[in-house]
Asks: 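Would you mind keeping the following structure in view while I ask a few things?
One-based numbering, in listed order, for ligands and for the atoms of each. Nothing fancy with the numbering, it's 1 onward along the sequence.
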Amino acid sequence: MSTVYLSNITKQFGSVTAVKDLDLTIQEGEFFTFLGPSGCGKTTTLRMIAGFYYPTTGKVKFNDRDMTKVAPEKRNTGMVFQNYALFPHMTVFENVAFGLKVRKLKKPVIKEKVTDVLKKVRLDQFIDRQVSQLSGGQQQRVALARALVIEPDILLLDEPLSNLDARLRDEMRNEILRLQREYGISMVYVTHDQVEALSMSDRIAVFNTGVCHQVGTPTEIYNEPVNDFVAKFIGETNLFPVTFEKDVNNQSVYHSEKMADSFYVNKTQLNIAEYDEADRLAISIRPEVVHLSEEPVEGKNVYQGEVSLVQFTGESVHTFVKVNEDVTFKATDLNRGPKTYLKEGSHVYILIPEDQVRIVPQSGSDQ
Ligand SMILES: Nc1ncnc2c1ncn2[C@@H]1O[C@H](COP(=O)(O)OP(=O)(O)O)[C@@H](O)[C@H]1O
Ligand SMILES: [Mg+2]
């Protein structure tokens, strides 16, 4: 088992900076996720942990061992890829045994280890099946077994579920988590899927264009994004540029030009991210905190608008309310039957609770 330290890592490919000034610590036994849009440097970072790439500058350490320029086969990391990278003409047994043969283990030991890991991934009845005759989900289990059988200190998974359909993906998420708990192994998991990241991870690092914006638990990342990029990338949000207006008791007031109105926000760390005086600011309002009512409501942040669209998705209902030409709020409510469905064109009151919004600095990314 290892703690992984990445210190001040930068990786250049010619003039492209794939990863910039990255500092991260991945704890022993942690399920740690790299999340971000395509091209933001997730795979490059994973490959620097595996040893397939060496950083241009900076250090990689496993516990107190400097691994920066150690060859992949000397790191005891396992890797699982999106496209499985299996040998299709070989059997399940041969695929899983491959890494053990390379390590020159004795036949009976190999047999025992392979049988054991195939039981763990629930593929023992397919041991002699050719890999090309397995379903996508089963092939991904073979890839997991092959990586786990060498008993790695760290398992690295690069978008391993992207090729599976939604139902299988769900099943494999639980499967991977079960294996992680069973083996007590550290996993570094790469995905661009925020639901996957939120539902699986102990901690998440959010990347954009080679820069890690935030590291935190799923609830920290969702409830306390450090800037507008993180707020937008994780979950849905209503995001408007605002400027600081004044303090009133234990609240701050921020003005939105587009709304031609102001928002009261509780002056707490949960509601106001750290920012510098020079930063441009935005308010992030999650759709599930937007309260709509056909009757007038009491509160500081009450606005009025017209329902422009109602989207029914089964478990929840999204209601879009137009305040003016520039501003439309999205409100999401659980489906509680017909009283949840407002009529398109109807006039409504919008209430935004002061303790459930967040002021964030704008990061300057275009995402
Ligand atoms: N081997 C390579 N040679 C040149 N550029 C690369 C190479 N690998 C990645 N890049 C570039 O580095 C950036 C980050 O890529 P990558 O780490 O693969 O992103 P992600 O996995 O988040 O989609 C991209 O701009 C990509 O084009
Ligand atoms: Mg990638």
Asks: Tell me which one of F244, F263, Y264 satisfies ring pair (Phe, Tyr, Trp, His ring centres under 6.0 Å) with Y254.
Replies: F244
Asks: Quick one: does NZ or CZ of K11 land under 6.0 Å from the six-membered ring centre of F13, within 45 degrees of the ring axis?
Replies: yes
Asks: Would you kindly check if the NZ (Lys) or CZ (Arg) of R203 is within the cone defined by 45 degrees around the ring axis of F32 and under 6.0 Å from the six-membered ring centre?
Replies: no
Asks: Has ligand 1 got any nitrogen or oxygen that is less than 3.5 angstrom from a nitrogen or oxygen of V16?
Replies: no
Asks: Could you find the nearest protein heavy atom to atom 16 (P) of ligand 1 and give me its residue, atom name and distance?
Replies: T44 OG1, 3.6 Å
Asks: Do R336 and Y341 meet the cation-pi criteria used here (NZ or CZ under 6.0 Å from the six-membered ring centre, within 45° of the axis)?
Replies: no
Asks: Which atoms of ligand 1 are found less than 4.0 Å from any heavy atom of C40?
Replies: 19 (O), 20 (P), 22 (O)
Asks: Which is it for F52 and ligand 1 at heavy atoms under 4.0 Å: side chain, backbone, both or neither?
Replies: neither
Asks: Identify whether NZ of Lys or CZ of Arg in K330 sits under 6.0 Å from the centre of the six-membered ring of F320 and within 45° of that ring's axis.
Replies: no
Asks: Please determine whether any non-hydrogen atom of F34 lies less than 4.0 Å from an atom of ligand 1.
Replies: no
Asks: Test the K42-Y189 pair against the cation-pi criterion, namely NZ or CZ under 6.0 angstrom from the six-membered ring centroid and within 45° of the ring axis.
Replies: no
Asks: I'd like to check whether A18 has a polar contact with ligand 1, where a contact means an N/O of the residue lying under 3.5 Å from an N/O of the ligand.
Replies: no
Asks: For atom 18 (O) of ligand 1, state which one of V19, T45, T43 supplies the nearest heavy atom.
Replies: T43
Asks: Measuring from non-hydrogen atoms of S38 to any atom of ligand 1, is the shortest distance under 4.0 Å?
Replies: yes
Asks: Measure from the Mg ion (ligand 2) to each N, O or S atom of T43 and report whether any distance is below 2.8 Å.
Replies: yes
Asks: Provide, to 0.1 Å, the distance between atom 20 (P) of ligand 1 and the closest protein heavy atom, together with that atom's residue and name.
Replies: G39 N, 3.5 Å
Asks: Is the number of heavy atoms from other residues, nucleotides or ligands under 6.0 Å of F98 CZ greater than 12?
Replies: no
Asks: With respect to L156, which candidate in T45, T43, T77 satisfies the side chain to side chain contact (heavy atoms under 4.5 Å, CB included) definition?
Replies: T77
Asks: Drop me the distance from N76's CG to M67's CE, to the nearest 0.5 angstrom.
Replies: 8.5 Å
Asks: When you compare ligand 1 with F13, is there at least one nitrogen or oxygen pair between them that comes in under 3.5 angstrom?
Replies: no
Asks: Suppose I only count heavy atoms of Y53 and a 4.0 Å limit; which atoms of ligand 1 are within that range?
Replies: 1 (N), 8 (N)
Asks: Is atom 27 (O) of ligand 1 near the protein, in the sense that some protein heavy atom lies at less than 4.0 Å from it?
Replies: no
